[in-house]
Visitor: 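Next up is a structure, given as structure tokens.
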Amino acid sequence: MDRSARLALPKFFLWLLPLSFVLQLAAIAAFHEYRTRPGDDNFAFGWEMGRVARSIAQGHGFGSPYEGNTGPTAWEPPLYPYLMGGVFKVFGIYTQASAWVLLSFNSLLATLTTIPIFLIARRTFDDRIAIWSAYAWALNPYVWYWSIHWIWDTTFTPLVLSCILVLALDLQENHVGADPSVRPSDPTALGRWALFGTLYGLVALANPTMLTFLPFCGLWIWRQRFKRGLPSLAGVVLASLLFFMVLSPWLIRNYEVFGRFVFLRDDFGLQFRLGNGPSADGMLMSQFQPNLNRLELQKFQQMGEIAYAESCKRFAFDWVRANPGRFVIISLKRFFYYWNGVPKPTNNVAPVDFRTSAFLATSVLALWGLGRMVRQRRPAAWLFAGLVLLYPSTYYFVYPHARYRHPIEPELLILIVFLISEAGQKAITHQPSSRTIQASSHR
């Protein structure tokens, strides 16, 4: 199958995508998701990103992630807050019209993610698994929850990451037929390398955690091309240049504003503190968040965000050094909660919280599917494995949340569909035919 055929979409997308989008809009209306909680001066409308977007819309620039005018910030990555700020300028700050626009945009991104899911599944498995994966994503109420309920970058990251995987799968192959006696070449690769670097820069500006997968992904592409005798040096250099070109305006802005190098965001100290300390138990210690703790908010306002983040990081690292065994234990618990789902408050003393059973079941099925994929040496098995192993690793040392699994949800869903498909095929293969049953009954 040539490249154009591999990228072609079946005709059912013409009705599946509009249906998925319309159903999400209907859910926004039916469940009144556009009515965000007005308490705490509408903080639940985008949380820290919403506060920064308000500052942008009011003409104060990218700043003030909490109460008061605390000046320029790098507390959040820039992409989604700037989008929210633009929406606020046009449709009003914290208005229902703005909520409608942002939730509709998120729903559109979730709908479009169906396309790279189909392409990834077709390239790594077959058309049947690709079709069922597309249906399973487009018509999945769990997917809709993140698009219609969260005003955040929760649907942008899965879409762009899935597009990056499509590019990775595309880059590994030679798309120009060549005589065996002639050295393989791929004259169209530079354009795809350029797109790879650009997309990775964009997704890093929305969710810097994606960078944990970048080196592995690049090395995987290089190795696959090397095995096929395809050159990669020029493409890697081009992708790297474009990646840093996409990031550079934000990095330069941060240096000019803070007088020091700040990479993409500067809140790691607080995030690490929210997961590590004397009362840590593997979950978010929300009582120390500045929006919920007046003392912490005062520290943030008085010290400034960089000094405050450094103070939080110092406190957390001092605790880790003093309690290495405890840190290991709660990190293992965070690993479990990431895949099991974070326990919810309850008076039940049962050792297992069955309310997270569905979340755990999907994790088990996806990891099982990944294991089978690796054992069968399927195309891109190690690309999937690298994503599943590396992307969540940051959260094992900070704190888990169900939202943190969503960026890799498309790939997990493909693995689940693959596993179920294999089980179904085995059941059909081992099912005795009617003639066999009749013959045995006459004996």
Side-chain angles (χ1 to χ4, degrees), residues 10 12-37 44-46 80 96 99-118 120-121 128-162 207 337-344 353-369 392 400-421 423-424:
F12 71 81
F13 271 78
L14 294 175
W15 63 262
L16 179 63
L17 297 186
L19 175 62
S20 176
F21 183 56
V22 169
L23 288 174
Q24 290 174 76
L25 296 184
I28 294 171
F31 297 107
H32 307 293
E33 295 291 347
Y34 54 88
R35 298 178 183 172
T36 58
R37 297 191 300 273
F45 193 124
Y80 202 80
Q96 291 187 7
W100 260 110
V101 171
L102 290 165
L103 292 173
S104 299
F105 178 72
N106 289 353
S107 299
L108 176 63
L109 297 183
T111 300
L112 293 176
T113 307
T114 309
I115 297 173
I117 285 175
F118 175 85
I120 293 169
R128 182 171 52 87
I129 292 176
I131 291 169
W132 282 110
S133 296
Y135 277 112
W137 180 269
L139 304 177
N140 190 336
Y142 176 75
V143 172
W144 301 347
Y145 169 79
W146 299 107
S147 60
I148 72 171
H149 182 72
W150 282 78
I151 299 178
W152 203 261
D153 66 285
T154 44
T155 60
F156 176 81
T157 308
L159 171 61
V160 180
L161 178 61
S162 296
N207 183 353
Y337 292 152
Y338 182 91
W339 296 105
N340 171 77
V342 179
K344 300 174 183 177
D353 187 352
F354 289 101
R355 292 174 297 175
T356 61
S357 298
F359 194 91
L360 174 61
T362 55
S363 293
V364 170
L365 290 174
L367 295 175
W368 191 353
H401 190 284
R403 174 169 58 88
Y404 297 157
R405 199 187 76 169
H406 195 64
I408 60 173
E409 209 75 54
E411 291 69 38
L412 298 181
L413 180 139
I414 293 171
L415 292 170
I416 292 171
V417 172
F418 161 62
L419 181 68
I420 294 174
S421 172

Visitor: Just checking Trp150 against His401, ring centres under 6.0 Å apart?
Guide: yes

Visitor: Which atom names give the shortest non-hydrogen contact between Ile148 and Ala27, and what distance separates them?
Guide: CD1-CB, 3.7 Å

Visitor: Do Tyr404 and His406 pair up side chain to side chain, a donor and an acceptor below 3.5 Å, judged on atom types alone?
Guide: no

Visitor: Between the side chain of Ser421 and the main-chain N/O of Val417, is any donor-acceptor distance below 3.5 Å?
Guide: no

Visitor: How long is the straight-line distance from CG of Asn106 back to OG1 of Thr111, given to the nearest 0.5 Å?
Guide: 10.5 Å

Visitor: Is it true that, when you exclude Trp368 itself, more than 12 heavy atoms of the residues, nucleotides or ligands shown sit nearer than 6.0 Å to its CH2?
Guide: no

Visitor: Enter the distance from Leu360:CG to Tyr337:OH here, rounded to the nearest 0.5 Å.
Guide: 12.5 Å

Visitor: Counting only N and O atoms by type, is there a donor-acceptor contact under 3.5 Å from the side chain of Ser107 to the main-chain atoms of Leu103?
Guide: yes

Visitor: Grab the two heavy atoms, one from Ala134 and one from Ile117, that are nearest each other, plus how far apart they are.
Guide: N-CG2, 4.3 Å

Visitor: Hey, is the main chain of Ala110 close enough, under 3.5 Å, to the side chain of Trp137 for a donor-acceptor pair?
Guide: yes

Visitor: Using modelled atom types and a 3.5 Å cut-off, is there a donor and acceptor pairing between side-chain atoms of Trp152 and backbone atoms of Ser147?
Guide: no

Visitor: Counting only N and O atoms by type, is there a donor-acceptor contact under 3.5 Å from the side chain of Thr154 to the main-chain atoms of Trp146?
Guide: yes

Visitor: Give a yes or no on whether Phe31 atom CZ has more than 12 heavy-atom contacts from other residues, nucleotides or ligands under 6.0 Å away.
Guide: no

